[in-house]
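Quick caveat: nothing in here was measured; it's all calculated off a predicted structure. Position 1 is the first residue of the sequence, and the numbers go up from there.
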Amino acid sequence: MPTPFFADLVRELCQEGGTGPLTPSGAVPGHRRFAGTVPANTPFHYAVAGVAHSEEWEVGTGRLDPAGRIVRETIFASSSGGAAVDFAVGLKTIALTVAAGWFAAQEGAAATIEDRLAGKQPLSTTHEVVGAGDAGDLVTVRRGAGWVNLPMDTLGFRGASGRYDLTGPLGALPGTAAAPSISFAADRGSGLFLAGPGLPAIAAGGVERARLTASGALLLGAATNISSERLLIAADQPGTSFSLASNMHASGFAGYSMRTVGGSWAMRVAANGTLRWDQDFLGSGVLRLLIDTGGNVRPGTDNSQSVGAAPARWSVIYAGTGTINTSDAREKSWGGALTAAEQAAARRIALELGFYQWNHAIAAKGPGGARRHFGARAQQIWAIMADEGLIDPLIEGVTPDSRYAFLCHDAWAADETNGDAAGNRFGIRTDQLALFLIAAQDARLAALEAAA
């Protein structure tokens, strides 16, 4: 209970009756009024004594409401056996006083404080001040109603070496990457924390940079996902994620590799200086890509792999010269010149050639910014070839007839591993189509010259 408000010589007259608030009507000569002396809504002790009805009296605590009335709250004693008195209308006095029970309570509280102080450890300022502790030092602490001595080595303390020594296990809170549970005074964002059950982690600059899984896997870099790999090194920004000193290589394959998460691909450096990408290198060891000692990028095996794929194309290939296509007669079964139907189709295809703009370029650059290309539309060439009876017509849901190599069609299923959605795409081999048209044009010129 808060300490009540006290003030000297506050006493007023009152004529009201009842058990509710009483309104003071003026100060008794030589005394002060409640209003102007006692703050509103502040508890104080009061005593009411009847004058017209001297048998009525009451002592308790009350407050002064904003209207200046004395609100009776707690009754300590009264002529009604400790209950609120139903005062009769008539003259009475109301005084701000100190109840006898308050003095008794203060004396009891003082005795309790003395009892508590008697059980406290004596204080002293006469002991020597030291900057380090010894393991055998004792610290006295209160336990229950008594006292016990704790050896210093049960606590974290700074020893003579200047380090804070612990002789028992440390149990810290989990913490976070932004606020590790064990960090450094000069860098609170770098240190150790628990990323999850069985996942101790290291933070640097408030960001997780490494963690060790319960299965023994070590994840470095931006590796915050559980991995089946024993060592996973990830880079969350451009740069080298893993490197080895050159003097660590042995004969044959160095034995050092970088593997994809959950996959069977690996990049390895051989002792002869070649950089190899293998598939299932722990099993069959199928070579998929090689950079040889001359710096040439080579496929794993001859004439078996493509650059890019139908759903994942390169946009532009820059080269100093054109591509070299195999044209060795020893590797071909020759079929001869164009037929009349093929010549007719070629003449019609030549009329189909024209300028166009790519839709994605128009969307990105606008009609005025997209470049104008020259070529053909694959589906129109297909239709001409079918109309001349050279291939089957295009039918929805049926795989297109691609017996002529300059007619290309690719379809692929969804591949979540590579992020490919299902789709299909028509295309042409421009070099072969150009030769097809040239041959037809030469045949036409030869026929015109013969007719002349």
Are there over 12 heavy-atom neighbours, none belonging to [X], within less than 6.0 Å of that residue's [atom1]?
{"X": "Leu173", "atom1": "CG", "result": "no"}
{"X": "Ile317", "atom1": "CD1", "result": "no"}
{"X": "Arg403", "atom1": "CZ", "result": "yes"}
{"X": "Phe374", "atom1": "CZ", "result": "yes"}
{"X": "Asp328", "atom1": "CG", "result": "yes"}

Take Arg425 and Cys408, measure what side-chain contact (heavy atoms from CB on, under 4.5 Å) needs, and give me the verdict at the end.
CA-CA 8 Å; Arg425 185 176 286 119; Cys408 303; over 6 Å; no

How far apart are the closest heavy atoms of [X] and [Y], and which atoms are they?
{"X": "Arg69", "Y": "Thr23", "result": "CG-OG1, 3.3 Å"}
{"X": "Ala195", "Y": "Ala201", "result": "CB-CB, 4.1 Å"}
{"X": "Ser190", "Y": "Asp187", "result": "OG-OD2, 2.6 Å"}
{"X": "Pro367", "Y": "Ile362", "result": "N-CG2, 4.0 Å"}
{"X": "Met385", "Y": "Ile349", "result": "SD-CD1, 4.1 Å"}

Could you check if a side-chain atom of [X] sits within less than 4.5 angstrom of a side-chain atom of [Y], using non-hydrogen atoms only?
{"X": "Phe193", "Y": "Ser183", "value": "no"}
{"X": "Val148", "Y": "Val141", "value": "yes"}
{"X": "Arg211", "Y": "Leu218", "value": "no"}
{"X": "Ile381", "Y": "Leu407", "value": "yes"}
{"X": "Val139", "Y": "Asn149", "value": "no"}

Between [X] and [Y], is the ring centroid distance below 6.0 Å?
{"X": "His45", "Y": "Phe76", "value": "yes"}
{"X": "Phe34", "Y": "Phe44", "value": "yes"}
{"X": "Phe406", "Y": "Phe436", "value": "yes"}

Under 3.5 Å donor-acceptor, Gln305 side chain and Gly300 backbone
yes

Between the main-chain N or O of Ala370 and the side-chain N or O of Gln357, is there a donor-acceptor pair closer than 3.5 Å?
yes

Under 3.5 Å, is there a donor-acceptor pair linking the side chains of Tyr404 and Glu342?
yes

Indicate whether the side chain of Asp431 and that of Asn325 have a donor and an acceptor atom separated by less than 3.5 Å.
yes

Roughly how far, to the nearest 0.5 Å, is the CE atom of Met152 from the CG atom of Asp134?
8.0 Å

side-chain contact (heavy atoms from CB on, under 4.5 Å), paired with Pro400, selected from Leu394, Ile395, Asp392
Leu394

Could you work out, with side chain to side chain donor-acceptor pair (under 3.5 Å) as the rule, every residue matching Asn359, not counting sequence neighbours?
none

